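These notes concern the structure reproduced below.
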Protein chains: 2
Amino acid sequence: MDTAGGRSDEETEVPRKSGKTLVEGAYETLRQEILDGTFEPGTKLRTEELRARYNISGSTMREALTRLLGEALVTTEGQRGFRVAPASLEDFEDLTRVRVLVETEALRQAIAHGDEAWESRIVASFYRLSKVEERLAQNQKSAISDYEERNRDFHNALIAACPSRWLHYIAGILFQQSERYRRLALSRRTIARDLHAEHKAIFDAAIARDADLACKYAAEHIERTLTALQFALEPDGTKKDRQAGKRAKEKEFTPKEEA
Amino acid sequence: MDTAGGRSDEETEVPRKSGKTLVEGAYETLRQEILDGTFEPGTKLRTEELRARYNISGSTMREALTRLLGEALVTTEGQRGFRVAPASLEDFEDLTRVRVLVETEALRQAIAHGDEAWESRIVASFYRLSKVEERLAQNQKSAISDYEERNRDFHNALIAACPSRWLHYIAGILFQQSERYRRLALSRRTIARDLHAEHKAIFDAAIARDADLACKYAAEHIERTLTALQFALEPDGTKKDRQAGKRAKEKEFTPKEEA
DNA sequence: GTCAAATAAAATATCGATATTTTATTCTGT
DNA sequence: ACAGAATAAAATATCGATATTTTATTTGAC
């Protein structure tokens, strides 16, 4: 009884562990692969290819693709399929500014509304983050994926007490977007940066309930991500070659990839 | 040659006028129907029902539904289908505050960057809006749908010169959401409101390039939408019955509809 | 009578096949 | 040679049918 439709119980790339729909599986996996650069910005996403990759059917794959549309990780146009959302330094600059606006407000509200539970969660996630930062400083590669998770946890913990669902929703989308850029930057030249100090500054101010100071540090923290990527793209620090800067600014990240 | 899959050329509810995919058609129509309250908040959206309604197939309908997910007009959970996103006064309060934050910033940037073309577009759309406001004041029902379009145009024109794509993207989602609430309020008791005066205040300040003033009026304008809905839900203006207010605040709009 | 297990009905998620478009390739006339 | 029409190949969008789950209903023991 396995002729036409329905699921088979053969091996599936995307394991459907515990009540998780196939679409959801493909959706999450694909999102991950877009974020970590497996599919570079601008790349065409052929349904047939992906369908085969995730061992699911066309319509199902289509649905997964469509979900990513809502997170602005994928674009689609009329009758010519899907592709990974384009990325550019210009877009990242814009994204960063908006992120500052949104996360800063969320943080401010969190500090205003946060209770003891909020504080303790911050303390805990900051501690966990610090631990992995140590490992990172020693260049332990195994630490990288841990770092990403704990960094996200810390950021979430900070704004957790913000009561605005809409701010959380928007902040989530923006943070995810910036993750993509952060990883793009990682694959190139990295800038020296004392992440621990940045995090600690925000942490201290938040615990001290100094909203203005916490927002100031948070804004700087976010903006430094942008600086890092700008640096990665434009190694030439001298003021001479300003054209290079302009060129880099206009440059899209989408590499050779088919147009 | 019209046995199994593909399109037929029979009549279709959703006309595919000029290169517009069937999913897009269903998606747009359904969005409209959610916004205007044809499908009330919380309503279950059975694929079979909708599939039949729009004369398309199941998977295709599914895809349309999935798109609305990204605009937060529809929700989905595990293996139990889709439903219209819930609505509550609490959510609208939150939405309103975030809208003020975002639109205010967009307006500020627009005023900073706007050129003559921007100004003239505002002048034009304000004029058009004023005209329809006159008709509205005379209680011409035919004016309502025109008003909605021109109101949106005016708001868009105001922030059109804001260079941030992300702000536009977010503002778009939020505005759409608030449209749903506005129409929900319309179906109930309405509050006396001089919309023309509100619009004119924003208009004048924008043209005068007074960002602070324009933002102030815009914020008040947005917040008044909230006041209007609060009033519609809580006709009792006396301070006596504060419990009613609390009750109303917690109340979800999703009426009798199946849970 | 009531609660829970067993069964039936409804609804969801998924599939594989096909029609329609878009893109690439081959002609063909100047 | 080369632009443009004609054809072939590839890719997209869509369908109708089926397996899997969830929800409703019946049944049966205590």
Side-chain angles (χ1 to χ4, degrees), chain A residues 1-29 43-69 74-84 257-259, chain B residues 1-29 43-69 74-84 257-259:
Chain A
M1 237 83 97
D2 189 20
T3 36
R7 304 171 183 179
S8 79
D9 22 23
E10 303 170 61
E11 85 298 339
T12 18
E13 277 297 339
V14 180
R16 50 178 141 66
K17 46 171 145 177
S18 77
K20 191 188 281 187
T21 213
L22 283 192
V23 208
E24 278 166 18
Y27 153 70
E28 282 170 18
T29 310
T43 309
K44 197 143 198 329
L45 294 169
R46 286 184 207 76
T47 17
E48 170 55 25
E49 235 174 70
L50 296 173
R51 185 206 71 66
R53 186 186 183 93
Y54 302 129
N55 277 92
I56 58 179
S57 129
S59 343
T60 307
M61 190 63 234
R62 216 138 208 299
E63 207 183 307
L65 254 342
T66 301
R67 280 213 198 180
L68 269 333
L69 220 65
V74 159
T75 64
T76 183
E77 193 198 337
Q79 219 113 350
R80 66 199 53 138
F82 303 85
R83 43 180 71 228
V84 179
E257 213 68 45
E258 70 224 294
Chain B
M1 235 83 97
D2 188 18
T3 35
R7 304 170 182 177
S8 79
D9 22 22
E10 303 171 61
E11 85 299 339
T12 19
E13 278 298 338
V14 180
R16 50 180 140 67
K17 47 171 145 177
S18 77
K20 191 189 279 188
T21 213
L22 284 193
V23 207
E24 277 166 18
Y27 154 69
E28 282 170 19
T29 310
T43 310
K44 200 144 196 328
L45 294 169
R46 284 186 208 75
T47 17
E48 170 55 24
E49 235 172 73
L50 296 173
R51 184 206 71 66
R53 185 186 184 94
Y54 301 130
N55 278 93
I56 58 179
S57 131
S59 342
T60 307
M61 191 62 235
R62 219 140 205 297
E63 207 183 306
L65 254 342
T66 301
R67 280 213 198 179
L68 268 334
L69 221 65
V74 158
T75 63
T76 182
E77 193 199 336
Q79 219 115 347
R80 66 198 54 136
F82 303 85
R83 45 180 70 227
V84 180
E257 214 65 46
E258 70 223 291

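Note that the structure is a prediction, hence the values are computed from the model and not measured. Letters go in sequence order (proteins before strands), and every chain restarts at 1.
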Using 0.5 Å steps for rounding, measure from the CE atom of A:Met61 to the OG1 atom of A:Thr47.
8.5 Å
Whole-Å distance between D:dT23 C1' and B:Glu77 CD?
14 Å
OP1 or OP2 of C:dT12 sitting under 4.0 Å from any side-chain N/O of A:Thr21?
no
note: B:Glu63, atom CD; C:dT12, atom P; distance rounded to Å ~ 18 Å
Any idea which of D:dC15, C:dC15, D:dA11 is nearest the B:Ile56 side chain?
D:dC15
Of the non-hydrogen atoms in B:Gly81 and B:Thr76, which two are nearest, and what is the gap between them?
O-OG1, 3.1 Å
Mark yes or no for a side-chain to base donor-acceptor pair under 3.5 Å between A:Thr60 and C:dC15, with no hydrogen or angle criteria applied.
no
Using atom CG of A:Asn55 as one end and atom P of C:dT14 as the other, report the distance to the nearest whole Å.
14 Å
Kindly say whether B:Gly25 contributes a backbone atom to a donor-acceptor pair with the side chain of B:Thr29 at under 3.5 angstrom?
yes
Closer to the 5' end of DNA chain C via nearest nucleotide, is it B:Ser59 or B:Thr47?
B:Thr47
Which nucleotide in the set D:dG16, D:dA11, C:dA11 lies at the smallest distance from any side-chain heavy atom of A:Lys44?
D:dA11
Salt-bridge present (B:Lys44, B:Glu49; N to O < 4.0 Å)
no
How close or far is atom C1' of C:dT12 from atom CG of B:Leu65, stated in whole angstroms?
11 Å
Tell me: CD of B:Glu49 to P of C:dA10, nearest whole Å?
14 Å
OP1 or OP2 of C:dG16 under 4.0 Å from side-chain N/O of A:Ser57
no
Please state how far atom CD in B:Glu24 lies from atom C1' in D:dT14, giving the value in whole angstrom units.
14 Å
Does this structure show an ion pair linking B:Arg83 with B:Glu77, if we count only N-O contacts that are shorter than 4.0 Å?
no
State whether B:Arg80 places a side-chain N or O below 4.0 Å from either non-bridging phosphate oxygen (OP1 or OP2) of C:dT12.
no
Whole-Å distance between C:dT20 C1' and B:Lys20 NZ?
19 Å
Output the rounded distance in Å from CG (B:Leu22) to P (C:dT21).
10 Å
Please tell me which of the listed nucleotides, D:dC15, D:dA11, C:dT22, lies nearest to the side chain of A:Arg46?
D:dA11
